[in-house]
Amino acid sequence: MDSSSTEVVIDLPPFIRVYKDGHVDRLIGTDVVPPSLDPTTNVESKDVVISKDQDISARLFIPKQNNNNDVPNKKIPLLVYFHGGGFVVETPFSPPYHKFMNSIVSKANVIGVSVHYRRAPEHPLPIAYEDSWHALKWVASHFDGNGSDEWLNKYADFEKVFFAGDSAGANIAHQMSIRVGVEGLRGVKLEGVALVHSFFWGVERIGDEAVRVKDEGLAEKLWRFICPGTSGSDDPLLNPAKDPNLGRVGCKRVLVFVAEKDSLKDRGWYYKEVLEKSGWSGAVEVVEDKEEDHVFHLFKPDCEKALSLLDRIASFINQN
């Protein structure tokens, strides 16, 4: 066997391993489940291709009662979700994300669009951001009822659009909210953004990071791996405090979740602080889950705190 096929040049557990010959082993997040009608939540899902050439797609979710030709058309809020996984693993088709979307779509009574963006290292940043923006423009193309997807044409309320994501996906959701504020998204009114355990970082240690972070170098090492052109941990894409456009977040409400044992916890609290000082005129709230770690709600979806997190997001979406 060629030694280059076994020699590891980059090892980033628990995410990914890269070998000298260039092949990549994703250590987690490779399982997939097909779209379906979920018997527990009565949510139906399907997959759509957004750009075949760029390999951008999405899994759409809808409460079954809103996909019934026997009932009058009823517009419901639209939730666009960006999955986590360090920009290198997981997809909308992974079992934890499929289950989460079924649950939140049922709980909040929304249409869900779970975006499949291209991942590093084959497609380094900023490709994931550009793919996500491309997906959002595809979503927005349905605002007048003339898009390519019947569910979005008939049932999505483009006056009540929300973004959400976890970890790297929360980073993407934040970046997309700024892009909406800077560029606009025709036909879409972005009401709010929910960020779960956001992948933010920075050069300067904040809060208890210096004593609490298990592997301080992992965040920066991962970031430099996925974004080779970066300036480092104070890149505005990773550290919102360094972004001159932070005050242009394109919605009026932001909900931030942090977990007490998560190495990224202090970044969530810091995000609230810098957002409030940025000149942004909206309201931001932080919810902290005690005794829990990073994206616990995906690993323990039926635990009390995971169900509470679902409830908080649903209430956030349906707030009058």
Has [X] got a side-chain atom pairing as donor or acceptor with [Y]'s backbone, closer than 3.5 angstrom?
X	Y	answer
D38	V43	no
W280	C251	yes
S167	G169	no
R17	P14	no
Y97	G84	yes
D234	V203	yes
D25	L27	no
S94	T91	yes

Would you give the length of the straight line joining atom [atom1] of [X] to atom [atom2] of [Y], rounded to the nearest 0.5 angstrom?
X	Y	atom1	atom2	answer
L222	L238	CG	CG	9.0 Å
L78	E191	CG	CD	12.0 Å
D289	D262	CG	CG	10.5 Å
N318	I313	CG	CD1	12.0 Å
L195	Y271	CG	OH	5.0 Å
I50	L136	CD1	CG	8.5 Å

Please say whether more than 12 non-hydrogen atoms of neighbouring residues, nucleotides or ligands are located less than 6.0 Å from [atom1] in [X].
X	atom1	result
K300	NZ	yes
E304	CD	no
E276	CD	yes
R186	CZ	no

Going by the angle between their ring planes, with limits at 30° and 60°, are [X] and [Y] parallel, tilted or perpendicular?
X	Y	answer
H197	H294	tilted
F316	F162	perpendicular
F199	F87	tilted

For a quick test of reading the model, state the closest non-hydrogen atom pair linking [X] to [Y] and the distance between them.
X	Y	result
S148	N153	N-ND2, 4.5 Å
G202	N239	CA-ND2, 3.7 Å
A259	F296	CB-CD2, 4.5 Å
V115	A58	CA-CB, 4.4 Å
G250	V180	O-CG1, 4.2 Å
G165	A173	N-CB, 4.2 Å

Does the side chain of [X] reach to within under 4.5 Å of the side chain of [Y], using non-hydrogen atoms?
X	Y	answer
E292	E260	no
I76	P63	yes
H116	R59	no
F93	S57	yes
V249	I178	yes
P96	F299	no
Y81	D166	yes
L185	K137	yes

Do NZ/NE/NH1/NH2 and the carboxylate oxygens of [X] and [Y] come within less than 4.0 Å?
X	Y	result
R179	E130	yes
D55	R118	no
K46	E150	no
E44	K64	yes
E159	K75	no

Give the cluster check for [X] versus [Y]: same hydrophobic cluster or not, with ILVMFWY residues linked at side-chain heavy-atom distances below 4.5 Å.
X	Y	value
L79	V139	no
W151	V161	yes
I206	V284	yes
Y155	I317	no
V18	V88	yes

Full working for side-chain contact (heavy atoms from CB on, under 4.5 Å) between L152 and L60 = CA-CA 9 Å; L152 295 178; L60 273 56; 4.2 Å; yes

For K99, what residues pass the salt bridge (charged side-chain N to carboxylate O under 4.0 Å, His left out) criterion, not counting sequence neighbours?
->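 Result, salt bridge (charged side-chain N to carboxylate O under 4.0 Å, His left out) vs K99: D302.
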
Taking salt bridge (charged side-chain N to carboxylate O under 4.0 Å, His left out) as the test, write out the residues that go with D311, two or more places apart.
->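 With neighbours one apart ignored, the set is K107.
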
For the ring pair F61 and H98, is the centre-to-centre distance below 6.0 Å?
->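 So the answer is yes for these two rings.
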
Below 6.0 angstrom between ring centroids: does that apply to F200 and H174?
->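 Yes; H174 has its ring centre under 6.0 Å from that of F200.
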
Where do V254 and L275 land on the side-chain contact (heavy atoms from CB on, under 4.5 Å) test, with the steps shown first?
-> CA-CA 10 Å; V254 174; L275 185 57; 4.2 Å; yes

Step by step, work out the side-chain contact (heavy atoms from CB on, under 4.5 Å) result for D208 and D266.
-> CA-CA 7 Å; D208 295 329; D266 292 317; 4.1 Å; yes

Given H134 and Y117, is the ring-ring contact (aromatic ring centres under 6.0 Å, His included) satisfied, shown in steps?
-> CA-CA 9 Å; H134 188 107; Y117 53 85; over 10 Å; no

Determine whether the side chains of S51 and W138 contain a donor N or O and an acceptor N or O closer than 3.5 Å.
->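 Not at all, the side chains of S51 and W138 share no donor-acceptor pair under 3.5 Å.
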
Take H297 and V295 through the side-chain contact (heavy atoms from CB on, under 4.5 Å) test and state the conclusion after the steps.
-> CA-CA 5 Å; H297 63 295; V295 296; 4.0 Å; yes

